[in-house]
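To start, the structure itself, in structure tokens.
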Amino acid sequence: MVRNIIIWPDPVLKQIAKPVDRVDDAIRRLLDDMAETMYAADGVGLAAPQVGVLQQVIVIDASPRQEGQKLLHLVNPEIIRTEGTRVYTEGCLSIPGEAEDVERADKVWVRALGRDGKPFELECGELLATAVQHEIDHLQGTVFVDHLSSLKREVIRRRMKKLKAEQAEERADEVKHASKHESAL
Ligand code: GNR
Ligand code: NI
């Protein structure tokens with residue numbers, strides 16, 4: 001099931017996610033819904049707080065389109081080592097239409113639980129390194145615009161508030177039309 005993605009700014013996106021104490025069927029259902037939501041939105045990753053769930057759960061697929069899916073499930077992820085720095089132009093499904101340069105570690109080593117609940121380690125470079133740091137940020141209540149100057153962040157905040165107001169108006173219009181059709185019956 002595709003879930004609704006929360007748009008920034010929103011208090012939920014500032015909350016710290018709790019560690020998962022057992023990878024059970026409910027967590028696996030969440031992982032499946034998040035993967036479906038990520039692919040539907042054409043994203044390379046998704047963190048549970050973006051769908052309103054404050055648990056340490058992430059899905060990532062940083063493989064190029066043509067190469068087929070390389071879906072990763074990460075529960076309770078921890079960065080255990082980093083190397084170097086690199087700048088990458090980032091976007092976020094919670095901040096649609098925006099893209100800005102962010103400096104992060106060039107390579108990271110991550111320890112997490114898989115969808116079977118078993119711990120594993122992952123060496124990440126390139127887009128995967130950027131994505132994994134971006135997603136772990138979401139679990140800490142941080143989004144990529146928090147890494148920008150306050151001027152850039154406030155410009156983006158204004159655009160997102162406008163976008164949210166337009167979306168709310170569209171939804172109100174839909175309700176109006178639906179009730180009009182109903183009364184015509
Ligand atoms: O889809 C996404 N693309 C992306 C591009 C560059 C750096 C990070 C990302 S993550 C983003 C999906 C998302 O918002 N995950 O939280
Ligand atoms: Ni994001």
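For the numbers below, each heavy atom of this structure counts, side chains included, while hydrogens, waters and symmetry mates do not. Whatever order the structure lists ligands and atoms in, that order sets their numbers, starting from 1.
The shortest separation from a heavy atom of Ile95 to ligand 1 is not under 4.0 Å, leaving the residue out of contact.
With respect to the salt-bridge test (charged N to carboxylate O, under 4.0 angstrom), the residues Glu154 and Arg157 qualify. The pair Asp101-Lys152 does not count as a salt bridge, with every side-chain nitrogen at least 4.0 angstrom from each carboxylate oxygen. A salt bridge between Asp61 and Lys70 is absent, with no side-chain N of the basic residue lying under 4.0 Å from a carboxylate O of the acidic one.
Taking distance alone, with nitrogen or oxygen atoms compared against 3.5 Å, Glu135 approaches ligand 1 more closely than that limit. The N/O atoms of Gly45, backbone and side chain alike, include one that comes under 3.5 Å of an N/O atom in ligand 1. At least one N/O-N/O distance between His138 and ligand 1 falls below 3.5 Å. Any N or O atom pair closer than 3.5 Å counts here, and Asp42 shares no such pair with ligand 1.
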Just distance, no hydrogens or angles: give the donor-acceptor pairs under 3.5 Å from side chains in residues 111-119, sequence neighbours left out.
{"residue": "Arg111", "atom": "NE", "partner": "Glu121", "partner atom": "OE2", "Å": "3.0"}
{"residue": "Arg111", "atom": "NH2", "partner": "Glu121", "partner atom": "OE2", "Å": "2.9"}
{"residue": "Arg115", "atom": "NH1", "partner": "Asp32", "partner atom": "OD1", "Å": "2.8"}
{"residue": "Asp116", "atom": "OD1", "partner": "Lys118", "partner atom": "N", "Å": "3.0"}

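Among protein heavy atoms, the minimum distance from atom 8 (C) of ligand 1 is reached at His134 ND1, 3.6 Å.
If you look at the Ni ion (ligand 2), the protein N, O or S atoms less than 2.8 Å from it are Cys92 SG, His134 NE2, His138 NE2.
More than 12 heavy atoms of other residues, nucleotides or ligands sit less than 6.0 Å from atom CD of Glu166.
The nearest non-hydrogen atom to atom 2 (C) of ligand 1, considering only Leu93, Asp61, Val44, comes from Val44.
Evaluation of the side-chain contact (heavy atoms from CB on, under 4.5 Å) rule for Lys14 yields no partner, not counting sequence neighbours.
Residues in residues 15-25 take part in these side chain to side chain donor-acceptor pair (under 3.5 Å) pairs, two or more places apart or across chains: Asp25-Arg28.
A donor and an acceptor atom, one from each side chain of Thr82 and Arg104, are nowhere located under 3.5 Å apart.
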